[in-house]
Amino acid sequence: MEYRSTRDSKIRKQAAEVIAAGISNDGGLFIPANFPDLKGKLSEMSKLTYNRLAEFIFSLYLTDFTAEEIAACVGGAYTKEKFGGDVPVRLVKLNGEAEMLELWHGPTSAFKDMALQILPYFLLTSMKKVNSDKKALILTATSGDTGKAALEGFKDVENVEIIVFYPKDGVSDLQKRQMDTQEGENVHVCAINGNFDDAQTAVKAVFTDAEMKAFISEKGYFFSSANSINFGRLLPQVVYYFYAYFDLHKKGRISSLGEKINIVVPTGNFGNILAAYYAYRMGLPVNKFICASNANNVLADFINTGVYDKNRGFFATVSPSMDILISSNLERLLSALYDDDDNEIKTLMESLKTNGKYEISSSAKGKLTEMFYGGFIDDEETKTVIERTFDECGYLCDTHTAVAVGVYETYKKESGDNTPAIIISTASPYKFAGSVLSALGGEISGDEFAQIAALEALTHTVAQPQIRGLEYKKSRFDDLIDKEDIFSYVKSII
Ligand SMILES: *Cc1c(COP(=O)(O)O)cnc(C)c1O
């Protein structure tokens with residue numbers, strides 16, 4: 001498989017180069033030059049275990065990896081020890097139409113583990129093929145969950161140094177605690193004054209700066225990324241959409257392989273839903289993608305109007321991992337909507353950079369709305385959904401997952417579409433215990449661990465041990481910088 005840049009179709013790379021580099025030199029994102037067609041293989045694929053299915057799908061994209069290398073990556077990442085079962089994901093019934101696909105049974109209790117547990121294996125394998133004489137310096141901007149998952153995935157990985165930047169007031173107390181207590185000799189955590197977009201933009205500026213690249217190269221490093229701009233983050237996410245589809249079939253929720261489903265995704269940077277779209281391009285039978293946003297509703301507006309406009313107020317919500325106004329991975333979907341016309345994408349992205357907005361053509365908009373529905377709910381509605389879903393279905397949602405459930409309810413009412421659906425459950429409710437507790441009418445007092453205990457008592461469920469265990473861990477990091485100082489901060493680390 002060859003990869004090209006969304007902004008320059010002449011750039012051609014193999015998977016190892018793509019994974020090591022993270023982003024293309026022209027600022028574009030790497031996309032596969034084509035999609036393997038698996039329509040005729042669904043029945044065969046449905047018989048595979050999760051790990052074998054992952055190996056099969058990876059073998060189509062990581063064509064410069066050997067079968068042994070791929071098997072080693074999968075075997076190292078998706079273990080029972082890390083994900084609490086032979087299958088790293090769980091499909092749990094919600095109601096008559098929908099099943100929740102729980103992706104948060106990994107070490108950091110958010111779906112990011114699905115990709116970030118395997119990315120270090122992909123990266124080390126790639127580094128053996130390219131850049132073999134240098135160490136990787138991974139820079140990551142996080143709205144909360146990526147940071148912890150990346151730290152946990154890359155801690156003490158040989159030849160890798162990782163720095164995570166998070167917006168000072170943009171993550172939950174527990175997310176902050178998860179990051180500040182991270183163990184490992186090669187990890188660094190730093191808060192930035194500003195919001196997630198400030199952090200992401202600052203990281204991207206360092207990442208693409210020629211002088212910085214030369215500086216770190218002299219010190220024996222090259223830049224790599226653990227954000228979902230890295231194709232190595234997206235690829236592992238394709239697998240669980242196929243797996244869940246086959247599981248629906250086994251449960252009798254769909255009667256034949258080939259029957260279409262709806263997929264509902266709580267969305268921020270557009271990575272998870274894009275992976276679902278890629279699965280569809282490979283032959284997964286999908287009727288509609290339902291893209292759910294919180295009060296930062298730039299994506300919902302985009303899908304409804306064809307205009308992407310980030311010039312708007314930024315809200316710090318109870319679903320902080322979706323508090324994003326610049327959804328990086330949308331660029332990859334745009335590329336698909338424009339038949340991978342690199343000039344069109346360059347023009348749109350220039351417009352986003354200079355005017356903070358762009359409008360897509362009517363033919364691109366037609367393709368977009370044929371497959372995508374966009375909606376949003378605010379914090380108050382999110383809390384109502386948490387309460388209602390728990391009362392009526394006995395399902396305890398975290399704040400992000402609740403956004404998906406709420407938007408799906410609106411979609412069903414508006415469309416009357418009762419196609420079987422998978423709703424993506426992206427985090428443990430205990431990661432956002434305070435918000436979930438208050439949504440259920442519980443009394444908020446004490447610190448986040450008191451709230452976790454109160455939520456356990458109220459719902460008769462239990463927090464994962466890795467969340468409870470944070471209470472007694474020592475805080476290791478308290479750096480705080482302005483975004484202008486990110487260059488000197490990175491230099492000071494290496
Ligand atoms: C990252 C995250 C999201 C958003 O996923 P994207 O791939 O950025 O769209 C949703 N929910 C949770 C809990 C997350 O951590």
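In this chain, numbering begins with 1 at the start of the sequence shown. Everything numeric here is computed off the predicted structure, so don't read it as measured data. When a ligand or atom number is given, it counts from 1 through the structure's own listing order.
Protein residues with a heavy atom under 4.0 Å from ligand 1 are F111, K112, D145, P266, T267, G268, N269, F270, G271, N272, S321, M322, H400, T426, A427.
With respect to the salt-bridge test (charged N to carboxylate O, under 4.0 angstrom), the residues K483 and D198 qualify. Between K82 and D113, none of the side-chain N atoms (NZ, or NE/NH1/NH2) sits under 4.0 Å from a carboxylate O, so this pair counts as no salt bridge.
Partners of D197 according to the side-chain contact (heavy atoms from CB on, under 4.5 Å) rule, which considers only residues two or more places apart in sequence or in another chain, are N195, F314, I324, L325, I326.
Remark: the S438 side chain and the K383 side chain contain an N/O donor-acceptor pair separated by less than 3.5 Å. For the 3.5 Å distance criterion, the side chains of Q178 and T108 fail to qualify, holding no donor opposite an acceptor.
Here the options are T389, L458, T461, T401, the test is side-chain contact (heavy atoms from CB on, under 4.5 Å), and the partner is L396; only T461 passes.
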